[in-house]
Amino acid sequence: MVTVKNEKEIEYMRESCRIVKETLDFVGKNIRAGMTTKDVDDLVYKYIISCGAYPSELGYEGYPASSCVSVNEVVVHGIPGDRVILDGDIVSVDITAEKNGFHGDAARTFLIGNVSEEKRKLVKVTEECFFKAIEELRAGTPLYDIGYAVQTHAESHGYGVVRALTGHGIGKSMHEDPSVPNYGRKGTGMRLRAGMTICIEPMITMGTYKVYQDRNDGWTITTADGKPAAHYENTVLITENGVEILTL
C-alpha cells in the first residue's frame, strides 16, 4: 500500500535522512585502502548510534550488519567482513537509519585511490542516472518515467541496468510500496502523489545486467560476468512542483 506522508511525518523523514547523509559523508572522509569492509561497517554503526538513531539494516530479515558494503563486482548487499579494500577499488556503501519511527536510505559509490578511468566513468554515469530520473519528476508523473530515464542514460553509455532489484517506497518501514524499477516504458505506471517518499537507486554495471545471488550467505548480489557495478541512491519527497532530495 502506497503511503502519503503528512507534514509531521515528513519532518521525521528529514531528520532520519539527514543522519544518513551525514553518515555517508563521514564514511567518505575516512574510507581508504587497507581497511576491511567490516571496518567501514563499524564507522557506520558508531556514527548512526551517536546521532541517537538506529541502523535499520542491522537484523533486518536476519541481515548481520549495519550497512551493505559492496566492492567492485558486488552490486549490492555485500556483507561486511574481512575483505580488504584495495587501491583502485570502487566501494558502494548503502545505509538506512531509523529515528522517531521513520527511515532514511541512501547509497554512494566511493573511489579508492588510483581508480581506472573506466571505473570512474561508471560511477559518474550511475550518479547522473539518478539526476536524470528526477529532472521532470513531480506529482502526477507516471512511476515508470523514472526507470525510463535511468535506463536510457545508462544504456546510451553501453552499460547494463540491473533488473532483479529496484528502488522502493520508504517511511515507517524501510521498504514500502511502490517498487521503483530502473527500467521501464515512459508514460506508464501509477501516477506519483505529493507527499510520497521513495528511494531512487540506479544500479548500473559495466557489462551484463544479469546478476547472481550468493547461495551461501543469501544476500550478496554480484554481476554475472564479474565486471564492476556502481550504486547511487537517495530518498526523495514528491512535491506538487518537483522533488526534495532528503538525503542531500
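Quantities reported herein were computed from a predicted structural model and do not represent experimental measurements.
Going from atom CD1 of I204 over to atom NE2 of H153 covers 9.0 Å, rounded to the nearest 0.5 Å. Atom-to-atom distance recorded for C199:SG and M174:CE is 10.0 Å, nearest 0.5 angstrom. Annotation: the span from N30 atom CG to R32 atom CZ amounts to 7.5 Å, rounded to 0.5 Å. Rounding to the nearest 0.5 Å places CE of M196 at 7.0 Å from CG of L143. In this structure, CG on N114 lies 11.5 Å from NZ on K119, to the nearest 0.5 angstrom. Once rounded to the nearest 0.5 Å, the distance linking CD1 of I95 with CG of L58 reads 13.0 Å.
In this structure, Y159 and H157 have parallel ring planes: the angle between them is below the 30° cut-off, well short of the 60° mark.
A 6.0 Å sphere centred on CZ of F110 holds more than 12 heavy atoms belonging to other residues, nucleotides or ligands. Summarising the local packing, CG of N6 is surrounded by more than 12 heavy atoms from other residues, nucleotides or ligands at distances under 6.0 Å. Few gaps surround CZ on R120; more than 12 heavy atoms of other groups in view lie less than 6.0 Å from it. Environment of CZ in R138: crowded, with over 12 heavy atoms of neighbouring residues, nucleotides or ligands closer than 6.0 Å. Dense packing is recorded around CD of Q213, with more than 12 heavy atoms of other residues, nucleotides or ligands lying under 6.0 Å away.
For the residue pair R83 and E73, the shortest heavy atom distance occurs at NH1-OE2, 3.2 Å. Across P202 and T126, no two heavy atoms sit closer than the pair O-CG2, 3.7 Å. Counting all heavy atoms, side chain and backbone alike, E15 lies closest to K99 at OE2-NZ, 3.4 Å. Across T166 and S179, no two heavy atoms sit closer than the pair OG1-CB, 3.7 Å. The minimum heavy-atom distance between V150 and A133, with the atom names listed, is CG2-CB, 3.9 Å. Of all heavy-atom pairs between H77 and I221, the closest is ND1-CG1, 4.0 Å.
Grouped by direct or indirect side-chain proximity (heavy atoms under 4.5 Å, Ile/Leu/Val/Met/Phe/Trp/Tyr only), L86 sits with V84.
The side-chain heavy atoms of V69 and M35, taken from C-beta on, include no pair separated by under 4.5 Å. Counting heavy atoms from C-beta outward, E98 and Y54 have side chains that approach closer than 4.5 Å. Residues V40 and I85 meet the side-chain proximity criterion, which asks for heavy atoms closer than 4.5 Å. With contacts defined as side-chain heavy-atom distances shorter than 4.5 Å, the pair I49/P55 qualifies. N182 has its side chain out of reach of C129: every pair of non-hydrogen atoms, C-beta onward, lies at least 4.5 Å apart. Proximity of T3 to E176: side-chain heavy atoms (C-beta onward) are separated by under 4.5 Å at one or more points. For the pair I238/L137, a side-chain contact is recorded, criterion being any heavy-atom separation below 4.5 Å from C-beta on. Using a 4.5 Å heavy-atom cutoff, the side chains of I112 and V71 are not in contact.
For the side chain to side chain contact (heavy atoms under 4.5 Å, CB included) test, residues two or more places apart in sequence or in another chain that qualify with Y12 are K8, N100, F102. Y63 meets the ring-ring contact (aromatic ring centres under 6.0 Å, His included) test with W219; sequence neighbours excluded. Evaluation of the side-chain hydrogen bond (donor to acceptor under 3.5 Å, both in side chains) rule for K132 yields no partner, not counting sequence neighbours. Applying the side-chain hydrogen bond (donor to acceptor under 3.5 Å, both in side chains) test to K38 and every residue at least two apart in sequence or in another chain returns D42. For F130, the ring-ring contact (aromatic ring centres under 6.0 Å, His included) partners at least two apart in sequence or on another chain are Y232. Y60 is linked by a ring-ring contact (aromatic ring centres under 6.0 Å, His included) to H175, counting only residues two or more places apart in sequence or in another chain. In this view, T109 and I90, S92, V123, A230, H231 satisfy the side chain to side chain contact (heavy atoms under 4.5 Å, CB included) rule, not counting sequence neighbours. The salt bridge (charged side-chain N to carboxylate O under 4.0 Å, His left out) check on K186 picks up D145, with sequence neighbours excluded. Considering only residues two or more places apart in sequence or on other chains, D214 meets the side chain to side chain contact (heavy atoms under 4.5 Å, CB included) condition with N216, D217, T220. For Y47, the ring-ring contact (aromatic ring centres under 6.0 Å, His included) criterion is met by F26, not counting sequence neighbours.
Using a 4.0 Å cut-off between charged nitrogen and carboxylate oxygen, K29 and D25 do not count as a salt-bridge pair. A salt bridge does not link E117 with K121: every distance from a Lys NZ or Arg NE/NH1/NH2 to an Asp or Glu carboxylate oxygen is 4.0 Å or more.
By the criterion of side-chain heavy atoms lying less than 4.5 angstrom apart, applied directly or through intervening Ile, Leu, Val, Met, Phe, Trp or Tyr residues, I48 is grouped together with V93 in one hydrophobic cluster. Linking ILVMFWY side-chain heavy atoms closer than 4.5 Å, directly or via other members, places V27 and L111 in two distinct hydrophobic clusters. Connection of M190 to I170 is not established within any shared hydrophobic cluster, with ILVMFWY side chains joined at heavy-atom distances below 4.5 Å, either directly or through further cluster members. Cluster membership for V180 and Y183, using ILVMFWY side-chain heavy atoms within less than 4.5 angstrom, is not shared. Connection of V161 to M206 is established within a shared hydrophobic cluster, with ILVMFWY side chains joined at heavy-atom distances below 4.5 Å, either directly or through further cluster members.
With hydrogens and angles disregarded, a donor-acceptor distance shorter than 3.5 Å links the side chain of H103 to the backbone of K172. Of the possible donor and acceptor atoms, none in the side chain of D177 sits under 3.5 Å from a partner among the backbone N and O of V2. Between the side chain of S66 and the backbone N or O of D41 there is no donor-acceptor pair closer than 3.5 Å.
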Donor-acceptor list for residues 239-248 side chains, cut-off 3.5 Å, not counting sequence neighbours:
| unit_1 | atom_1 | unit_2 | atom_2 | d |
| --- | --- | --- | --- | --- |
| T239 | OG1 | N241 | N | 3.4 |
| T239 | OG1 | G242 | N | 2.9 |
| T239 | OG1 | G242 | O | 3.0 |
| E244 | OE1 | R14 | NH2 | 2.9 |
| E244 | OE2 | R14 | NE | 2.8 |
| T247 | OG1 | N234 | OD1 | 2.7 |
| T247 | OG1 | T235 | N | 3.0 |

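A side-chain donor from one of E57 and T96 sits under 3.5 Å from a side-chain acceptor of the other.
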Inset, instruction - Check step by step if side-chain hydrogen bond (donor to acceptor under 3.5 Å, both in side chains) holds for T36 and D82. - result: CA-CA 5 Å; T36 65; D82 58 6; over 6 Å; no
Inset, instruction - In sequence, state the C-alpha distance, the side-chain angles, and the governing distance for M203 and V76, and then conclude on side chain to side chain contact (heavy atoms under 4.5 Å, CB included). - result: CA-CA 8 Å; M203 291 163 270; V76 288; 3.7 Å; yes
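Just one of T197, D94, V20, I198 meets the side chain to side chain contact (heavy atoms under 4.5 Å, CB included) condition when paired with D105; it is D94.
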